[in-house]
Amino acid sequence: MINQPDSRPVSLLKDHNLYLIFSITLIGVMGVASITPAFPKIADTFGISSQKVGYLISVFTLPGIFLTPFLGVLADRYGRKTILVPALMLFAVAGFACFFARDFQFLLWMRFLQGVGAASIGSLNVTLIGDLYSGHRRGAAMGYNGSVLSIGTAAYPAVGGALAAVAWYYPFLLPLLGLVVGLAVLRFLNNKEPRNRTNLKQYLGNTLRSMGRFKVVVLYLSSISFFIIIYGAFLTYFPFLMRNRFGSPVFIIGLVMSGTSVFAAITASQLGKLSRKISYRNLLLFSFSLYTITLVSVPFVHNIFVLFV
């Protein structure tokens with residue numbers, strides 16, 4: 001990986017490369033957050049259970065599990081744009097194809113192809129920050145990008161809920177933005193491509209050696225647990241809970257889910273201050289404890305305001 005010199009006098013927030021990275025990040029978080037408010041309508045339309053609707057997330061995330069290591073090697077060998085631009089195009093085309101789906105099997109296949117496109121988007125945006133910036137500029141760019149990610153996860157459920165209020169398939173218009181971002185990256189991204197010739201065997205070997213460290217295993221399992229909670233309990237079944245227990249329309253479901261992301265963003269913005277007073281280990285223990293308490297309490301909640309809290 002090669003860093004581009006940071007000697008330019010341009011301010012970080014005036015660098016067009018950073019805004020292109022922001023746009024890539026927003027596309028990366030679109031694939032799930034924008035469609036979950038429509039899940040109850042999708043289940044009713046196709047006459048399927050909430051469990052089967054959850055397959056729309058499973059088939060979308062599955063390609064990333066297997067493809068990300070290979071795509072990382074290819075991006076190092078052949079360049080970021082070579083991988084990123086086709087990925088954005090595939091994400092956009094396959095996602096938009098879901099708009100025309102009137103068969104659940106076809107919808108699942110298009111979501112799978114969209115997930116193939118998404119596999120590299122969520123990692124290469126951060127990789128580009130490492131390529132383009134160093135020192136305190138890199139840390140600042142990472143912070144700005146994290147804020148944009150939080151804004152996306154907060155906004156997409158509300159936007160998706162509003163579109164789903166028209167028809168369940170309207171949220172699938174949003175992936176078309178991937179075409180615009182892909183063309184902008186191709187034309188305007190000014191990055192110095194790496195000259196890394198590490199082969200796949202070496203790459204996977206280095207990864208496996210890192211996974212042998214106890215702390216890395218613990219963090220890896222923590223991350224898996226976090227995503228199970230987010231993608232399983234929250235993004236997949238929370239919309240059904242609101243619809244079945246409180247009769248909430250899709251727009252309200254989207255707003256409540258967006259509110260959760262807003263508070264998550266606020267808390268994340270204070271992480272630096274919290275970490276100076278509380279160790280990362282204790283912060284993680286507190287977070288998972290709070291997750292446990294709230295999830296166990298949900299079956300006993302019969303007021304939508306209390307559920308929101």
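Looking at Phe39 and Ser50, their side chains never come closer than 4.5 Å, going by heavy atoms from C-beta outward. Within the 4.5 Å cutoff, the side chain of Leu67 has heavy atoms near those of the Val116 side chain. With a 4.5 Å cut-off on side-chain heavy atoms, Val73 and Asp76 do not count as touching. Between Ile253 and Pro40 the shortest side-chain heavy-atom distance falls below 4.5 Å. Side-chain contact between Leu18 and Leu132: absent, with no pair of heavy atoms (C-beta onward) separated by less than 4.5 Å.
Around CZ of Arg102, the count of heavy atoms belonging to other residues, nucleotides or ligands within 6.0 Å exceeds 12. Sparse packing is recorded around CZ of Phe286, with 12 or fewer heavy atoms of other residues, nucleotides or ligands lying under 6.0 Å away. Residue Phe234 qualifies as enclosed at atom CZ: its count of foreign heavy atoms under 6.0 Å is above 12.
A continuous path of ILVMFWY side-chain contacts below 4.5 Å connects Leu176 to Val159, so both sit in one hydrophobic cluster. Leu62 and Ile35 fall into different hydrophobic clusters, defined by Ile, Leu, Val, Met, Phe, Trp and Tyr side-chain heavy atoms under 4.5 Å apart, directly or through other members. By the rule that hydrophobic residues join a cluster once side-chain heavy atoms approach within less than 4.5 Å of another member, Phe96 and Val93 end up as members of one cluster. The hydrophobic cluster containing Phe263 does not contain Ile151, counting ILVMFWY residues as joined when their side-chain heavy atoms lie under 4.5 angstrom apart, directly or transitively. Following chains of ILVMFWY side-chain contacts shorter than 4.5 Å, one can reach Leu173 starting from Phe100, so the two form part of one hydrophobic cluster.
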All N/O donor-acceptor pairs, side-chain side in residues 296-309, below 3.5 Å, sequence neighbours left out:
{"residue": "Ser297", "atom": "OG", "partner": "Ile293", "partner atom": "O", "Å": "2.7"}
{"residue": "Asn303", "atom": "OD1", "partner": "Phe305", "partner atom": "N", "Å": "2.8"}
{"residue": "Asn303", "atom": "OD1", "partner": "Val306", "partner atom": "N", "Å": "3.2"}

List the atom pairs, donor and acceptor, that lie under 3.5 Å between side-chain atoms in residues 82-89 and the rest of the protein, sequence neighbours left out.
{"residue": "Thr82", "atom": "OG1", "partner": "Tyr78", "partner atom": "O", "Å": "2.9"}

Please list every donor-acceptor pair under 3.5 Å in which a side-chain atom of residues 23-31 meets a protein atom from a residue at least two apart or in another chain.
{"residue": "Ser23", "atom": "OG", "partner": "Leu20", "partner atom": "O", "Å": "2.5"}
{"residue": "Thr25", "atom": "OG1", "partner": "Ile21", "partner atom": "O", "Å": "3.1"}
{"residue": "Thr25", "atom": "OG1", "partner": "Asn125", "partner atom": "ND2", "Å": "2.7"}
{"residue": "Thr25", "atom": "OG1", "partner": "Asn145", "partner atom": "OD1", "Å": "2.6"}
{"residue": "Thr25", "atom": "OG1", "partner": "Asn145", "partner atom": "ND2", "Å": "3.3"}

Please output the side-chain donor-acceptor pairs of residues 162-172 that fall under 3.5 Å, not counting sequence neighbours, one pair per line with the distance.
none

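Nearest heavy-atom pair, Pro175 versus Gln114, reported as atom, atom and distance to 0.1 Å: CG-NE2, 3.6 Å. A pairwise comparison of heavy atoms in Gly54 and Thr236 identifies CA-CG2, 3.6 Å as the closest pair. Across all non-hydrogen atoms, the minimal contact from Arg80 to Ala75 is NH1-O, 3.3 Å. Closest of all the heavy-atom pairs between Ala118 and Phe91 is CB-CD1, 3.9 Å. Heavy atoms only, all atoms of each residue included: Thr36 and Ala33 are closest at OG1-O, 3.6 Å. Nearest heavy-atom pair, Gly64 versus Ala119, reported as atom, atom and distance to 0.1 Å: CA-CB, 3.8 Å.
By the 30° and 60° cut-offs, the orientation of the rings of Tyr19 relative to Phe22 is perpendicular.
To the nearest 0.5 angstrom, Arg138 atom CZ is 12.5 Å from Leu12 atom CG. A distance of 9.5 Å separates CG of Leu74 from OG of Ser120, quoted to the nearest 0.5 Å. Rounding to the nearest 0.5 Å places SG of Cys98 at 12.0 Å from CG of Leu174. For the atom pair CZ (Phe238) and CE (Met242), the distance works out to 5.5 Å, reported to the nearest 0.5 Å. Taking CZ of Phe288 as the start and CG of Leu283 as the end, the distance is 12.0 Å to the nearest 0.5 Å. In this structure, CE in Met257 is found 10.5 Å from OG1 in Thr153, a value given to the nearest 0.5 Å.
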Checklist entry - Is there a side chain to side chain contact (heavy atoms under 4.5 Å, CB included) between Phe226 and Ser287 once you walk through the steps? => result CA-CA 10 Å; Phe226 171 74; Ser287 299; over 6 Å; no

Checklist entry - What do the steps show when you test Val185 against Val181 for side chain to side chain contact (heavy atoms under 4.5 Å, CB included), and what is the final call? => result CA-CA 6 Å; Val185 168; Val181 174; 4.2 Å; yes

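Residues passing the side chain to side chain contact (heavy atoms under 4.5 Å, CB included) test with Ala158, sequence neighbours excluded: Leu255, Ser258. With sequence neighbours excluded, the residues that form a side chain to side chain contact (heavy atoms under 4.5 Å, CB included) with Asn282 are Ile278, Ser279, Leu285.
Distance alone, capped at 3.5 Å, is enough to place a donor-acceptor pair between the Lys81 side chain and the Leu189 backbone. Under the 3.5 Å distance criterion, the side-chain polar atoms of Arg111 are matched with a main-chain donor or acceptor of Leu56.
Screening Trp109, Phe46, Tyr55 against Phe104 for a ring-ring contact (aromatic ring centres under 6.0 Å, His included) leaves a single residue, Phe46.
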